[in-house]
Amino acid sequence: MSSTPSPVWSNPAIKWVDRRMPIFSLMHKELIVYPTPRNLNYWWNFGSLAGIALVILIFSGIFLAMHYVPHEDMAFASVERLMREVNSGWLIRFIHMNTVSLFFLCVYIHIFRGMYYGSYKAPRELLWIIGVIIYFVMVGTAFLGYVLPWGQMSFWAATVITSLVTPIPLVGEELAIWLWGGFGVNNATLQRFFSLHYLLPMVIFALVFLHLWALHTTKSNNPLGVDVKKKADTLPFHPYYTMKDAFGLGVALVVLSYFIFFNPNYFNHSINYVMADPMVTPEHIVPEWYFLPFYAILRAIPDKLGGVVLMFLSILIWMALPWLDRSRVRSGKFRPVFKWFFWVWVADFVLLTWLGAMPAEGTYVTMGQWATAYYFAHFVVILPLLGWFEKTKPVPESISAAVTAGHDKEAAA
Ligand code: HEM
């Protein structure tokens, strides 16, 4: 396809800037006329939604930081003061807390969408890998943020997670002391966690920029998984997808507002409204919902080091997906067997989420072990085998051919 000519700007200020630094032409090319597959469904809304959630988190976080005091004696009180005495302080905090859940939900749907439609396959491998790196940084950022209010769950989550490094041979104990800045989670730990929690969202932001750069180089995949071949396969991004994204954003904001205004502590643990006490361990230490599947994998292995390694591998393995899945057909739509295994894997992920919230005893442990085994078998056994044995359905020749075929059928009916 031919590249789009730069627009002629009538506004003299825009013209002046653009001649010296063509930022308006770039935005016009990448956000307005950008050729986007014409058949994207609503599962393609979640990337931009995740981006908006990130921006809300950064803005609300900046305002929270104006009132937060990163000191072990004052952190908890400073958050309580914010909630009770600062004008709209409660609102800023509830926006920040609940948008984290929206962010993770969007990113999970975004990842699963990519898995179903084979968006990780060539030529989008690097785009996918950058995505997995973003996810790792998100996990780190959310963990650090959860420690800051210095409630009981904050303190004990920090203790459990940082102690995971102790079984590392030779350096484990030293590493934990280095991370804590002392002989346990203490004031120095809180201060470095605050500093890093402020920094990492900016790193995520930069990574998202690279992610979008890679996306605009390879262009979007689509539900059919066939490449764009002609102009008729695409639509300009604006107004078609700006409007579709705006509609999705409207729906997401309604749901988010419900939680912020009517059920703000739904995703929180009540014990985190008790100030951190190193002398009292809570009965159950349960992470936030978005970490639960990985927590279940961690606890499925009786050996602590083995559990830690497997937990990291469970995310790292996503990076290898472009090479583990050998099927020549991209979209799950034309892969009748893969489709089923995909949903079984999603069910397994949900099961692990549930198990992560259960106490680590009896049948829960056994179920966790089976669910973990299946989680990995999906990637290292099922996907490679499907690539060899699955009989796929015929793939349409182009996006526009498939779209008009649908119209023809409707007209005949
Ligand atoms: C801060 C988190 C993220 C943001 C803001 C973000 C943003 C976006 C946006 C705006 C798009 C284009 C619209 C769409 O396809 O939905 C996109 C595409 C994509 N993202 Fe992300 N993303 C994030 C995380 C991830 C993660 C964690 C992964 C994978 C592990 C990932 C993998 C992909 C892939 C493969 C595509 C191309 C999809 C296609 O064209 O079918 N992203 N991302």
Side-chain angles (χ1 to χ4, degrees), residues 104 107-108 111 132-147 152-180 183-185 189 193 196 269 271 278 281-321 324 344-383:
F104 271 91
V107 169
Y108 279 135
I111 295 173
V132 181
I133 297 172
I134 293 178
Y135 182 74
F136 266 117
V137 186
M138 278 173 64
V139 168
T141 312
F143 162 67
L144 294 171
Y146 193 66
V147 177
Q152 271 291 64
M153 205 56 104
S154 304
F155 181 87
W156 290 98
T159 304
V160 170
I161 299 300
T162 48
S163 304
L164 290 179
V165 300
T166 51
I168 297 175
L170 302 175
V171 293
E173 300 281 337
E174 294 291 321
L175 196 59
I177 293 173
W178 179 74
L179 284 179
W180 291 325
F183 295 99
V185 172
T189 327
F193 276 23
L196 293 174
H269 301 285
I271 194 158
T281 318
E283 210 178 321
H284 296 297
I285 302 175
V286 187
E288 296 298 87
W289 70 266
Y290 36 82
F291 292 147
L292 289 174
F294 309 107
Y295 194 54
I297 293 176
L298 170 76
R299 297 187 308 176
I301 311 300
D303 170 61
K304 199 171 166 187
L305 182 61
V308 175
V309 171
L310 220 59
M311 183 176 71
F312 274 100
L313 274 181
S314 65
I315 300 174
L316 211 57
I317 201 163
W318 295 350
M319 280 202 193
L321 253 181
L324 290 171
V344 174
W345 182 80
V346 173
D348 187 63
F349 193 84
V350 174
L351 176 67
L352 282 167
T353 307
W354 178 70
L355 288 169
M358 294 294 131
E361 58 196 30
T363 34
Y364 297 128
V365 176
T366 326
M367 282 168 78
Q369 287 166 344
W370 281 106
T372 301
Y374 187 81
Y375 180 100
F376 284 98
H378 176 82
F379 293 108
V380 293
V381 182
I382 297 171
L383 282 186

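Position 1 is the first residue of the sequence, and the numbers go up from there. Keep in mind that this is a model prediction, so the values were computed, not measured.
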[X]: partners by side-chain hydrogen bond (donor to acceptor under 3.5 Å, both in side chains), with sequence neighbours left out:
| X | result |
| --- | --- |
| H378 | none |
| W318 | Y375 |
| T189 | N186 |
| T162 | W180 |

Minimum heavy-atom distance [X]-[Y], with the two atoms named:
| X | Y | value |
| --- | --- | --- |
| Y290 | Y108 | O-OH, 2.6 Å |
| Q152 | I271 | CB-O, 3.5 Å |
| V147 | A158 | CG2-CB, 3.7 Å |
| A357 | V286 | CA-CG1, 4.1 Å |
| R299 | G356 | NH2-O, 3.2 Å |
| H269 | Y146 | CD2-OH, 3.2 Å |

Pick from T159, I161, V165, V160: which one makes a side-chain contact (heavy atoms from CB on, under 4.5 Å) with S163?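 Of all the options given, the one that passes is T159.
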Looking at residues at least two apart in the chain, or sitting in another chain, which of them share a side-chain contact (heavy atoms from CB on, under 4.5 Å) with [X]?
| X | value |
| --- | --- |
| V308 | L164, L298, F312 |
| L196 | L144, L199 |
| L313 | V309, L310, L316, F376 |

Hey, could you give me each pair passing side-chain hydrogen bond (donor to acceptor under 3.5 Å, both in side chains) that has a residue in residues 347-358? Not counting sequence neighbours.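 For residues 347-358: none.
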What is the distance from atom CZ of F291 to atom CZ of F143, rounded to the nearest 0.5 Å?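 Result: 8.5 Å between the selected atoms.
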Side-chain donor-acceptor contact under 3.5 Å, E174 with W178: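 Their side chains do not contain a donor-acceptor pair, so the 3.5 Å distance test is not met.
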side-chain contact (heavy atoms from CB on, under 4.5 Å) evaluation trace for L292 with L352: CA-CA 7 Å; L292 289 174; L352 282 167; over 6 Å; no
Pairs of donor and acceptor atoms involving the side chains of residues 358-374, under 3.5 Å and at least two apart or interchain, shall be tabulated with distances.
unit_1 : atom_1 : unit_2 : atom_2 : d
T366   : OG1    : G362   : O      : 3.4
Q369   : NE2    : A300   : O      : 2.9
T372   : OG1    : G368   : O      : 2.6

Just jot down the ring-ring contact (aromatic ring centres under 6.0 Å, His included) partners of Y295, sequence neighbours excluded, or say none.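 For Y295, no residue satisfies ring-ring contact (aromatic ring centres under 6.0 Å, His included) once neighbours in sequence are set aside.
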